[in-house]
Amino acid sequence: MPEILEVEEARHLIETRALDRTIATVDAPDAWYLKRGLTGDVIGRVLSGRRFTAARRRGKLLLLDTDPGSDARPAGDAQGPTLGLHLGMTGRVLVDGTAAGEPLLYASNRENPAWHRFTIQFRDGGRLILRDPRRLGAVELDPDEDRLGVDAFTVNAARLRAAIGNRRTAIKAALMNQAAIAGLGNLLVDEILWRAGIDPARSAAALDRTEQGRLARTISTTLRVLGRRGGSHTGDLMPARHPGGFCPRDGAPLRRDTVGGRTTYWCPVHQR
DNA sequence: GATGACCTGTGA
DNA sequence: TCACAGGTCATC
C-alpha cells in the first residue's frame, strides 16, 4: 500500500539507479493509465533521447525531471518536461528488475508482465518499470504540483494549523486530504492518531493548540520511525488492525468504524 | 463536506 | 462466491 514512505523508497531507488541514463523507448500499453489526454505515442516521442536529471516527490506524487535532450528540439530549453508517476494502491517501481525495499521478492514467480503498465527502456539495456496489478496508478506529463498541500515530511505545528486548523471535517479526513497535507494514507493516519491519542472522528477545528502540537510531532516521529522500519505497514497498531483486535497500548477492544470514507481502527479508551 | 465509482487481486 | 482493500476523482 504505497503511502508517502513507499513513494519515498521508490524515489530514492530512481535517484540512485535511474538518473543520467538516456531513454531509448517507452512502452505504455495501457491507455487508461495515461492521464490528461496523454498517449503512448506522445510520451514516447517526448521522452526518447532525454535523461532523468532529478527524482523528486511531493506527497505520493513522484516527479522525474528530464534534460533538454540532444535531438532536434527548440534551442534554449533549459530542461525537458517532468514525468509524473502515481503508484495508486498497488503500484511499485522497478529499476533493472529490483524494487525498492524488497530485493528478493521479485526474484520469485510473483511477477506478471501484464502488470507492467509503463516501461522506460534505456539505451544501456536496463529499464524502469511501473508495475501495478490493480491499475489505480497513473502517468502524466508536467503534473500540477500545486494541487498538493504541504508535504507530510515537512509538517510542523504552524503548518499543520494553517493546513487543517479550521476545517470542520473529521481530523482523519483532514489528514488524508492531499490538497491540505500531501502523503498520508489510511494506514499512516490510523497509526498517527492512535499514537497521538486523538479520536479520528473529532472535528479538525476542535483540536486545541496542545493537541495540534502533539499531532504535528507525532506525524514527524511516525514517518521517521516507520520509514526506518520499512514502511506504512510496520506501525505498532498494524498487528491489531483487524476485527476483534485489541489496543496494543492499553488492551481495550479496538473499534472499527468508517471515518472519511475509509475503514478506521481506533482505541476508544486512549483516543479522545 | 460526504459519498461512490474506478479496478482487480486476495482471502475468507 | 463475494466482501474487502485503498488513492483519487467526479458527483451529490
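Values in this document were obtained by computation on a predicted structure and should not be read as measured data. A note on names: the letters A, B, ... follow the listed sequences, proteins ahead of strands, and every chain is numbered from 1.
Between A:Leu223 and A:Leu188 the shortest side-chain heavy-atom distance falls below 4.5 Å. In this structure, the side chains of A:Thr119 and A:Val26 stay at 4.5 Å or more apart for every pair of heavy atoms.
Listed candidates were C:dT8, C:dC4, C:dG6. Nearest to the side chain of A:Lys60 is C:dT8.
Residue-level contact check: A:Arg36 touches neither bases nor backbone, having no heavy atom under 4.0 Å from any strand. Among the protein residues, A:Arg135 comes within range of the sugar-phosphate backbone only, with heavy atoms under 4.0 Å from sugar or phosphate atoms but none that close to a base.
Protein atom CG of A:Leu85 is 13 Å distant from nucleotide atom P of C:dT8, rounded to whole Å. Taking atom NE2 on A:His233 and atom C1' on C:dG7, their separation rounds to 18 Å, with Å as the unit. Rounded to whole Å, the distance from CD on A:Glu3 to C1' on C:dA5 is 12 Å. Atom CG in A:Asp30 sits about 12 Å away from atom C1' in B:dT8, given to the nearest Å. At whole-Å resolution of the value, CZ in A:Arg256 and C1' in C:dC4 are 8 Å apart. Taking atom CE of A:Met89 as the reference point, atom P of B:dT8 lies 12 Å away to the nearest angstrom. Rounded to whole Å, the distance from CH2 on A:Trp32 to P on C:dC9 is 11 Å. Atom-to-atom, CZ of A:Arg262 to P of B:dG4 comes out at 12 Å; the value is rounded to the nearest Å.
Nearest-nucleotide positions on DNA chain B place A:Gly261 closer to the 5' end than the other of A:Arg117 and A:Gly261. Of the residues near DNA chain C, A:Glu140 and A:Leu136, the one whose nearest nucleotide (by heavy atom distance) lies more toward the 5' end is A:Leu136.
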task: Apply salt bridge (charged side-chain N to carboxylate O under 4.0 Å, His left out) to the pair A:Asp146 and A:Arg58, showing each step before the final yes or no.
output: CA-CA 9 Å; A:Asp146 291 329; A:Arg58 181 150 170 180; 3.6 Å; yes
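Although no hydrogens or angles enter the test, the distance criterion places no donor-acceptor pair under 3.5 Å between the side chain of A:Lys60 and the main chain of A:Arg57. In this structure a side-chain-to-backbone donor-acceptor pair under 3.5 Å is present from A:Arg214 to A:Ala196. A distance-only check finds a donor-acceptor pair linking the side chain of A:His270 to the backbone of A:Trp194 [under 3.5 Å]. In this structure a side-chain-to-backbone donor-acceptor pair under 3.5 Å is missing from A:Thr218 to A:Ile192. For A:Gln178 (side chain) and A:Met176 (main-chain N/O), a donor-acceptor pair under 3.5 Å exists by modelled atom type.
Distances shown here put every side-chain N or O of A:Lys35 at or beyond 4.0 Å from the OP1 or OP2 atom of C:dT8. Checking the phosphate oxygens (OP1, OP2) of C:dT8, a side-chain nitrogen or oxygen of A:His86 falls inside 4.0 Å. Residue A:Trp115 places none of its side-chain N or O atoms closer than 4.0 Å to OP1 or OP2 of B:dT8. In terms of phosphate contacts, A:Thr263 brings a side-chain nitrogen or oxygen within less than 4.0 Å of OP1 or OP2 of C:dA5.
Within residues 162-178 of chain A, the residues that place at least one heavy atom under 4.0 Å from DNA chain B are, in residue-number order, A:Arg168, A:Thr169.
Between the side chain of A:Arg134 and the base of C:dG7, no donor-acceptor pair of N or O atoms lies under 3.5 Å.
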